[in-house]
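Here's the structure we're looking at; comments come further down.
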Protein chains: 2
Amino acid sequence: MRPTTKDLAKAAGVSLATVDRVLNKRAGVRKETVEAVNDAIEKIGFVRNQYAANLARGRNYRFEFLLPETGDDFLATVIDRIQEARAAMRLDAIDISYRCALPNDPHKAAEILAGVAADETDGVAIMAPESPQLRDATTRLVERGVQVVLFISGQPDLRPVDFVGVDNYAAGATAGRLLGRFLAPTQGKILVISETMNALDSVERRLGFDRVLSADFPRLTPLPSLETFGDLARTERVVRNSYENQADIVGAYVLGSEARLAIEAIRGTTDPAGQVIVAHERTRYTEKMLRERVLDAVIAQNPGHLVRSAIRLLKARSDQRPPLVSQEQIRIEILIEDNLDIR
Amino acid sequence: MRPTTKDLAKAAGVSLATVDRVLNKRAGVRKETVEAVNDAIEKIGFVRNQYAANLARGRNYRFEFLLPETGDDFLATVIDRIQEARAAMRLDAIDISYRCALPNDPHKAAEILAGVAADETDGVAIMAPESPQLRDATTRLVERGVQVVLFISGQPDLRPVDFVGVDNYAAGATAGRLLGRFLAPTQGKILVISETMNALDSVERRLGFDRVLSADFPRLTPLPSLETFGDLARTERVVRNSYENQADIVGAYVLGSEARLAIEAIRGTTDPAGQVIVAHERTRYTEKMLRERVLDAVIAQNPGHLVRSAIRLLKARSDQRPPLVSQEQIRIEILIEDNLDIR
DNA sequence: CTTGCTATGACGTACGTACCTCAAGTAACA
DNA sequence: TGTTACTTGAGGTACGTACGTCATAGCAAG
C-alpha cells in the first residue's frame, strides 16, 4: 500500500496537522520542520492521493479552450472532439468549455486572455498564431496561476508553457517527400497554396517542404506560395494563372488547414488525376478527396488526441504531477485511402 | 454538482442503506424497490463517484498482460511501454504486470489462461494468435468475472471481448499502395517475406496487400510468400534463391513484426537502394533502416497507445463504464524518414 | 399469539485528505 | 515577570462511498 499522510507524519516525527500545513503550503511552520517533512516525503516516497484530496476539497477542474473566432473544417472537427471529451470527462470532475473568441488581431486576442480569471478557470488551451502580444499575455496568465498550453499553433520552445501540436517543419518535410516519391521520375513544377503565409505554421511547413525537395528531388521545382485569403474567386484566378503560365505543373502542396478552396480551384482548372496533390488535416472533405483519388495523401494530426493531450497536460500541471511525455507527443500522420477507415 | 447517493436515496424515497444494497447488488431488497431506485438513478442522472468508491473499498485494479513466451524487437518495445505505463498508473491505484508466458501451442496457452484467478486479477490483455482453444479459454475467463481484451493479434469481432489492435487487412493494403506508388511506373516482381504464414495476422496482411496490387498496380506481381521461421541461414538462402531465379524483383514487403532477418538477407543479396522495401512495426532497427534509406516506409501501430488503450478498456469494463470509442481506435501509422522524430 | 423470515432503516466506522478550532508549548521582548 | 507572537499538536467535521451491526416493521406459517 502507498504511504498516507499518517505514515508521513510518523516518519517525519510531527503531527498530521503539521504535515497538512506543509503539504498545502500553509503558514506557521518553522523552516526546519518543513524540511523535515519534505525529507520524510522523499524517504518514504509519499505521493498525495489526488482523488482523496479532490474529494475532500470538493474540487473540480475547469479548463477552457480558447479558439479562433472564425475557422475551417479542421476547427469544426476539433470542436467536435472537445465536446466529446467534455461529456466523457465530466465524470472525472473535469469541466471543459470552449470559446471561439480569439480574433486575428494579436492585441485584441491578448485582451481576451487578460480577461481570464484565475478564480474561475484552472487552465486554458490557447489556439492562436504566435505573436509578442500573445506571448506577454500568456506569461501574465501563468503568473496569475492559470495553467496554459499552446494548442496546435505556436512554438514548442516557449517555456514553461506546454505545447500540444506537431512540428510543422517536419510535417512540411513529410509532405515534400511523399510528393517527391509519388511523382517518381517525373519532373516539373509544384504549386504551393496557402491561405496566408503570415502564419508561422505555414512558413515552417514551407521551409520543411522546400528543404526536402531541393535536397532529394531536384527535378521538382516548388513555385512561390499562392495565397487564397479564404476567397474562392481569387483562388481560382491565381491557380488558373499558374497553370496557364507554367506548362509543366505536376503536383500541388496545400499548406493550410483549409484545403477545400485550393483543391476546388485545381479541379476547376485541370484534371486532378494528372496531378499529385498533398494537403493537411483530416476533415470530411479531405477524406472524400482521398477516396475519390483527387488527393494523394493527407498529412494530419489527430484532433481527438490533440484535445485529450491538452486536457491531460492541464490536469497534470494543476496537480503538479509530471505528465507522461511519450503519451503527449502528437504524431505526424500520413493518410492515404487505405488507412482512412479505422476498423 | 453531481447527485450523490444521498440525493438518490431521497429521490427514490428509500434510505441510504437500501440505495447501497441496490448499487452493489446485495441481497435483501424487494424487486419493486430495486426498480424504484433504478428509476431514480435514471431520473436524476446519478453516476457513482468511482474515486470515492475505490477509496472506501481500498480497491486497486490488477491488470496483467499475457504475452508470447518468445518475441522480437516489437514485443520488446511493447514491454517497455507496459513498464512505463506501470510506473505512471501506480499513482492511480492501477497495478500492471506482465508475463511472457504464452507458448505457441494453443492448448498450453489455454492452460495458462485457465490458471488466471479472478480473485487475484481484475483483467488480462492477451497477445496470442487466434485459435479455437484460445477462444474457449477466453470465454471461460470472462465467465469467471475476469475482464479480457485481445491484444494486437486476434479478431475484432469476438464479442463481448474488446480487441486492441489494427485491421491487418487494411494494414496490408496500405503497404501495398505505398509500394505501388513509390515504384511508380516501374514494373516487376515483389518479394513477400513473413516469419510464418500460419498466423492469421500475416494472412490478412497478405490478402490486403494482394488486393491493392492486383486492383491498382497490375504491373507489379507479388511472389508467393517466403517464410523465415526465425532462421537467418534459411532466410538468406530463400531470398538469394528468389533474386537469382527472378530477374526483375523491384521491391519487397516484409509482413511480420520481425523485419530484421528479412532485410538483412536482402541487404546481403542485392543493393537495397534499387529496391522499394516496406515493413511493419517501429523498432530501433526499422527506424535505423528508414534513416539509412534501406526501408522506404514502415507500417506501424503505436505500442504506447496499444498498451494504454488496453488498460483503459480493462478499467472501463471493470467500472462498468463505456469506453471512449474514438480514443481506442488504433491507427495504422505510416512512417517515413521525415515523420520519425516526434519533436 | 408466537416464531421465523424478509425488507428496510438508522447509525457507525472507514478510506485519505482538507481545513477548521482550540489548547499548549516555546522563545523573544519589554 | 508578564506579554506577545509564533509553532505545534490534538481533535473534530467533511467529501462520497462501502460495508458492517442492529433494530424494527410487516407478514406468513405454525
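What you see below is based on every heavy atom in this structure, not just the backbone, and it leaves out hydrogens, waters and symmetry mates. Quick note on labels: first sequence line is chain A, next is B, and so on, each numbered from 1.
Rounded to an integer number of Å, the gap from A:Glu32 CD to D:dC6 C1' is 13 Å. Here the P atom of nucleotide C:dG16 and the CG atom of A:Asp7 are 8 Å apart, to the nearest Å. Between B:Arg57 atom CZ and D:dG20 atom P the separation is 11 Å, expressed in whole Å. Remark: C1' of D:dC19 and CZ of B:Arg59 are 16 Å apart, rounded to the nearest angstrom. Between the C1' atom of D:dG9 and the NZ atom of A:Lys6 lies a distance of 15 Å, rounded to the nearest Å. Straight-line distance from the NZ atom of A:Lys25 to the P atom of C:dA18: 12 Å, rounded to whole Å. If you measure from atom CG of B:Asn24 to atom C1' of D:dG20, you get 13 Å, rounded to the nearest angstrom. Whole-Å rounding puts the A:Asp319 CG to C:dT17 C1' distance at 14 Å.
Counting non-hydrogen atoms under 4.0 angstrom, B:Asp20 reaches a base of the nucleic acid. Within the 4.0 angstrom heavy-atom criterion, no nucleotide atom of any strand lies near A:Gly58. Across all strands shown, B:Asn54 has no heavy atoms under 4.0 Å from either base or sugar-phosphate atoms.
Taking 4.5 Å as the limit, every side-chain heavy atom of A:Ile332 sits out of range of all side-chain heavy atoms of A:Gln301. Looking at heavy atoms from C-beta onward, B:Met127 lies in side-chain contact with B:Leu75 at the 4.5 angstrom threshold.
The side chain of B:Thr33 approaches C:dT8 more closely than any other nucleotide in the set C:dA18, C:dT8, D:dG16. In this structure, of D:dG9, C:dA7, D:dT17, it is D:dG9 that holds the atom nearest to the side chain of A:Ala17. Ranking D:dT8, C:dT17, C:dG9 by closeness to the A:Arg21 side chain, first place goes to D:dT8. In this structure, the nucleotide among D:dT17, C:dT21, C:dT17 sitting nearest to the side chain of B:Arg48 is D:dT17. Here the nucleotide nearest the side chain of B:Leu55, chosen from D:dG9, D:dT8, D:dG16, is D:dG16. Here the side chain of A:Arg30 is nearest to one of D:dT8, C:dG16, D:dG9, namely D:dT8. When distances are taken from the side chain of B:Val29 to each of C:dT8, C:dC19, D:dC19, the shortest belongs to C:dT8.
The side chain of A:Ser15 contributes no N or O atom lying less than 4.0 Å from OP1 or OP2 of D:dT8. Under 4.0 angstrom from either OP1 or OP2 of D:dC19 there lies at least one side-chain N or O belonging to B:Arg26. At C:dG9, one or more side-chain N or O atoms of B:Thr18 fall inside 4.0 Å of OP1 or OP2 (strictly under the cut-off). A sub-4.0 Å separation between OP1 or OP2 of D:dT17 and a side-chain N or O of B:Asn49 is absent.
Remark: A:Lys43 does not engage A:Asp39 in a salt bridge, criterion side-chain N to carboxylate O under 4.0 Å.
Atom CZ of A:Arg2 has more than 12 neighbouring heavy atoms from other residues, nucleotides or ligands inside a 6.0 Å radius.
Remark: the backbone N or O of A:Arg26 is not paired with any side-chain donor or acceptor of A:Arg21 at under 3.5 angstrom.
Between A:Phe65 and A:Phe151, the ring-plane angle classifies as perpendicular under the 30° and 60° cut-offs.
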